[in-house]
A.B. asks: 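Please see the structure below; I have some questions.
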Amino acid sequence: MTRRASKPLRVGKVIVGGDAPIVVQSMTKTDTRDIPATINQIKELEDCGCEIMRVAVPDKEAAESIAAIKRSVALPLIADIHFDYRLALAALKSGVDGLRLNPGNIGDKANIATVVAAAKEREVPIRIGVNAGSLPADFQPDAPLAERMVNMALEQIRLMESLDFSLIKVSLKAFDVPATIQAYQLIADKIPYPLHLGVTEAGLPRTGAIRSAIGIGILLYQGIGDTIRVSLSAPPCEEVFVAYEILKSLGLRQRGPTLVSCPSCGRAEVDIVALAEAVSKRLEKISKPVKVAVMGCVVNGPGEARDADVGIACGKGKGMIFKKGEKLAVVAEKDFLTALMREVEEL
Ligand code: SF4
């Protein structure tokens, strides 16, 4: 795939766009005014691989809390602003690394100009975050949703450009996956700015991961997108896990282990599902990018197991362990998990 060219910008220490790796971001689910809880959640997210954090800024106290939060965390922070431009000014004063403004509800041009001037002075980027759910009802009501989102973003982009501001990122999120894809495709060659991808309000982990993988995955495969946020009704580390699985599936980033496991079928003579679950649980504690295969029989088993860094092809009562493509040992069924994990840990 050829990646769409975009103008890189810096969010704190992280580069978004250009040739930089696709950045994984998430959003805290704590009350930003609860400073200790927010710091803890950001640290937890950093441990699971998140690279940029966004925090909700519903009022002045939340905006002011950013200063204390920033002193205790390493990840760049983005302030999520709706309705009141003064909250953006307060967040900038608190030292935030990026702003997200919702053009559907942020108000008139003079207020946006005030925020842009303050962001420019501090070299802080602004994401124009269009959300289908908060488009003004009277904004091009007869146009298709994707076009309405794109035109709303373009209006704001032109306004910021007229103010000589170019530290811009753009997102065009909807719950509707085809509309989301179309919107990003439409805007991709109209602007030079990095694109933040996401399918909004995607739902609980099972359906949300699928909706996000389809929406974000199709765009990434077309070379579109510089940073991603998976939105799930779940703990935020789950969002980061799904984001990396999307990136790993497309070969765009590597983080942590990849488990290859067969679905099992009537040929299997061991409980492959239970073994794969046990291996997956043990792999959660491993951060190196290893490929581990758990296969149920000799049909595809040896091939997949050989392709992995470490693999097992199981048979009746015993299994063959492979490491880096070589047969390593035959182990008894009771030792499958320990023997496999010992080899993974030794890598
Ligand atoms: S590897 Fe063997 S047990 Fe697993 S699904 Fe394929 S044929 Fe069935």
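Indexing begins at 1, ligand by ligand and atom by atom, following the structure's order.
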A.B. asks: With a 4.0 Å cut-off on N to O distance, would you call D307 and K291 a salt bridge?
C.D. replies: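 Result for this pair is no, no salt bridge flagged.
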
A.B. asks: Taking E51 first and then R255, would you say they form a salt bridge - that is, a charged N and a carboxylate O separated by under 4.0 Å?
C.D. replies: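 Salt bridge flag = no for R255 with E51.
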
A.B. asks: Just to confirm my output: which protein heavy-atom neighbour is closest to atom 4 (Fe) of ligand 1, and how far is it?
C.D. replies: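 Sorting protein heavy atoms by distance from atom 4 (Fe) of ligand 1 puts C262 SG, 2.4 Å first.
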
A.B. asks: Mind checking whether atom 2 (Fe) of ligand 1 has an N, O or S of C265 under 2.8 Å?
C.D. replies: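 For C265, the answer is no, given that no N, O or S atom comes within less than 2.8 Å of atom 2 (Fe) of ligand 1.
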
A.B. asks: To which protein heavy atom is atom 2 (Fe) of ligand 1 closest, and what is the distance rounded to 0.1 Å?
C.D. replies: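 Here the closest protein heavy atom is C297 SG, 2.2 Å.
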
A.B. asks: Give the residue, atom name and distance (to 0.1 Å) of the protein heavy atom nearest atom 6 (Fe) of ligand 1.
C.D. replies: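 Scanning the protein heavy atoms, the shortest distance from atom 6 (Fe) of ligand 1 goes to N300 ND2, 3.7 Å.
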
A.B. asks: Output yes when D97 and K13 qualify as a salt bridge under the 4.0 Å nitrogen-oxygen rule, no when they do not.
C.D. replies: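 No, D97 and K13 are not salt-bridged.
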
A.B. asks: At their closest point, which heavy atom of I214 faces which heavy atom of V177, and how far apart are they?
C.D. replies: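 Nearest pair, atom of I214 first, then V177: CG2-CG1, 4.0 Å.
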
A.B. asks: So if I count the atoms of ligand 1 from 1 in the order they appear, which ones are less than 4.0 Å from some heavy atom of R267?
C.D. replies: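 In order of numbering, the contacting atoms are 7 (S).
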
A.B. asks: Using a strict threshold of under 4.0 Å (side-chain N to carboxylate O), is an ion pair present between D309 and K323?
C.D. replies: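 D309 and K323: not salt-bridged.
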
